[in-house]
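See structure below.
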Amino acid sequence: MTISIQGVSVSRGIAIGRVHRIKDDQIDAPEYIIKSKQIDAEISRLNEAIKNAHGELRAIRDNIPSSTSKNIAEFINTHLLMLEDNALTEEPKTIIREKLCNAEWALKLQRDALVNVFDEMADTYLRTRKDDVDHVVNRILRVLLKQTPIIEKYPEKQLKNKLIVADDLTPADTVLMQHYGIAGFATEFGGSTSHTAILARNLRIPAVVGLHGAKKLIKNDDYAILDGDSGIILINPDETILNDYKKKQKEVKKYYVSLEKLKDSPAKSMDGIDITLMANIELPGDFERVRDVGADGVGLYRTEFLYMNRNNPPDEEEHYETYINVINALRGLPLTIRTVDLGADKEVDGMGRRSSHMRSNPALGLRAVRLCLKEPDFFRPQLRAILRASAFGPIRIMIPMLTNLDEMQQVLFMINELKSELDNESIDYDSQIKIGGMIEVPASAICADIFASKLDFLSIGTNDLIQYTMAIDRVNDEVNYLYDPLNPAVLRLIRMTINAGHKANIPVSMCGEMAGEKEHTKLLLGLGLREFSIHPATILEVKEIINKTNINDLERLTDEALMNKIKK
Ligand code: PEP
Ligand code: MG
């Protein structure tokens with residue numbers, strides 16, 4: 001009988017094969033009392049274990065195949081940095097001294113304390129960072145207890161083409177597994193924003209997480225199908241299901257190969273309307289992919305990743321160097337840099353400042369441009385760096401979360417001040433640099449005509465626009481049923497924004513996830529959208545639909561959607 005278990009889809013694709021169960025990752029730390037005279041020896045034992053754990057991770061990072069995206073090493077670097085952090089290197093030593101306990105127990109107590117802090121955080125991204133603490137502590141514990149890490153102890157051949165089922169996997173495991181040629185993986189725990197999930201997407205490994213109770217139902221060597229699109233794992237599928245999936249798998253492969261030939265041709269509807277397809281990027285590994293998929297440029301460069309996993313915000317030089325790297329990778333294509341959008345769902349340590357989570361409604365609090373205007377010293381280095389970089393390539397500045405005109409005028413004023421500063425220092429910049437705003441709040445969509453009269457371009461951020469229109473927290477799965485791009489209120493706001501841009505004769509793009517969901521492509525074209533900004537992985541899928549669409553035929557579809565007549 002086929003058993004089907006539903007989890008959370010984190011990386012698309014279908015994988016079929018035999019299951020390889022990875023044993024429970026939890027390690028029981030032994031507890032014993034030591035004598036005062038043993039304190040130094042116990043601390044040396046801990047130091048040695050941390051050093052060895054560091055060496056193991058460095059070896060994994062240094063052996064990442066050169067074909068792998070460059071940013072993958074960054075994930076391992078995060079764990080290396082944690083191994084250097086006082087919270088893990090010094091605090092356990094204090095515990096050893098004060099409690100006269102062994103190194104393993106001191107490490108366990110410190111892990112519990114850190115995990116408790118993460119557990120209390122409202123932000124999903126940060127909450128899943130506790131997995132990183134667990135992974136790093138487990139690595140040190142294994143060295144102390146002379147155990148081999150889970151994946152490293154399996155010979156390469158044993159994992160090839162297997163479906164890995166585990167409690168949880170570390171980013172280092174994920175990199176090794178790709179190296180070993182696994183077909184896909186499923187875990188009991190983990191969320192869609194964990195580093196392991198992000199890595200799976202980057203490495204294109206089909207993956208499902210959050211399969212609670214899967215361990216009881218899935219045995220080693222079971223034959224299974226992992227459907228990364230719908231987040232399902234099917235154990236011992238019957239002949240019909242298996243054949244269906246094999247067919248689907250072949251079709252998906254053929255489909256992706258067929259899309260490749262669209263890379264060098266423009267996106268043009270059947271009735272001859274040119275559409276601009278830009279890319280959304282965030283990690284250094286994405287920079288090169290923009291050209292690889294034939295995008296027309298970058299419509300959204302999310303700069304928040306520059307602030308993650310660190311204690312202080314990046315300085316002007318770091319911003320500048322990063323932007324120059326992107327410009328070089330784009331070789332002449334336009335780059336839209338979104339100024340930093342921190343706070344709410346994008347809370348990071350690198351703010352080095354107060355957290356919006358100290359308030360009860362972080363999504364409605366001090367985030368994005370609000371935070372930047374409140375703390376100009378935090379904002380200026382980024383703006384100055386963008387201006388300086390604009391001397392070397394076509395850059396546009398994009399302001400997130402504009403809510404009223406006053407905010408926009410304050411940003412424009414600040415940019416003008418910085419331009420004068422650069423003039424005085426004889427530093428080059430593009431004096432005609434285009435400045436645009438994101439429309440992600442109903443207030444700004446309703447007043448899009450006012451924004452359009454003052455800005456050079458608009459970009460619709462549907463991820464937030466839907467959140468604020470429907471009055472739901474975009475990271476709260478209990479109200480996810482209301483997260484509906486097709487709600488006519490959302491569609492009407494989108495149409496108002498597009499019309500306002502067209503009237504003012506400025507470009508309007510859409511850079512929220514909706515722009516990359518191919519089931520919405522026709523509707524967006526019908527609403528008048530002519531510029532899409534989407535993740536490089538989906539650009540060709542959307543291009544294919546555009547090329548097969550007659551935009552003049554879409555009036556009925558659009559009218560019905562605006563009247564809530566479209567069935568989901
Ligand atoms: C959006 O809100 O649609 C958007 C593109 O911005 P982010 O997802 O980064 O908030
Ligand atoms: Mg947004």
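Just follow the structure's listing: the first ligand is 1, and inside any ligand the first atom is 1.
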Task: Glu304, Met398, Arg302: member with heavy atom nearest to atom 9 (O) of ligand 1 - done: Arg302
Task: Proximity of Leu300 to ligand 1 by residue part, where a heavy atom lies under 4.0 Å - done: side chain
Task: ligand 1-proximal atoms of Asp341, by part, heavy-atom distance under 4.0 Å - done: side chain
I need the atoms of ligand 1 closer than 4.0 Å to a non-hydrogen atom of [X], numbered in the order shown.
X      : value
Cys511 : 5 (C)
Met438 : 4 (C), 5 (C), 6 (O)
Glu440 : 1 (C), 2 (O), 4 (C), 6 (O)
Gly461 : 1 (C), 2 (O), 3 (O)

Task: Gap separating the CG atom of Leu300 from the CD1 atom of Ile337, nearest 0.5 angstrom - done: 11.0 Å
Open item on the list: Working to the nearest 0.5 angstrom, can you tell me the gap between Glu440 CD and Tyr468 OH?
Closed with: 7.5 Å
Open item on the list: For a 4.5 angstrom cut-off between non-hydrogen side-chain atoms, does Leu527 reach Leu562?
Closed with: yes
TODO: Among the N/O/S atoms of Glu440, select the one at the shortest distance from the Mg ion (ligand 2) and name it.
DONE: OE1
Open item on the list: If you consider just the N/O/S atoms, which atom of Asp464 is the closest one to the Mg ion (ligand 2)?
Closed with: OD2
- [ ] Would you indicate whether Lys419, at its atom NZ, is surrounded by more than 12 heavy atoms from other residues, nucleotides or ligands within a distance under 6.0 Å?
- [x] yes
TODO: Please state whether the rings of His79 and His135 are parallel, tilted or perpendicular, taking 30° and 60° as the class boundaries.
DONE: tilted
TODO: Examine ligand 1 and decide if any of its atoms is less than 4.0 Å from a heavy atom belonging to Met514.
DONE: no
Task: Donor on one side chain, acceptor on other, Thr322 and Asn325, under 3.5 Å - done: no
Open item on the list: Is it true that Glu544 and Asn547 share a donor-acceptor pair across their side chains at a distance under 3.5 Å?
Closed with: no
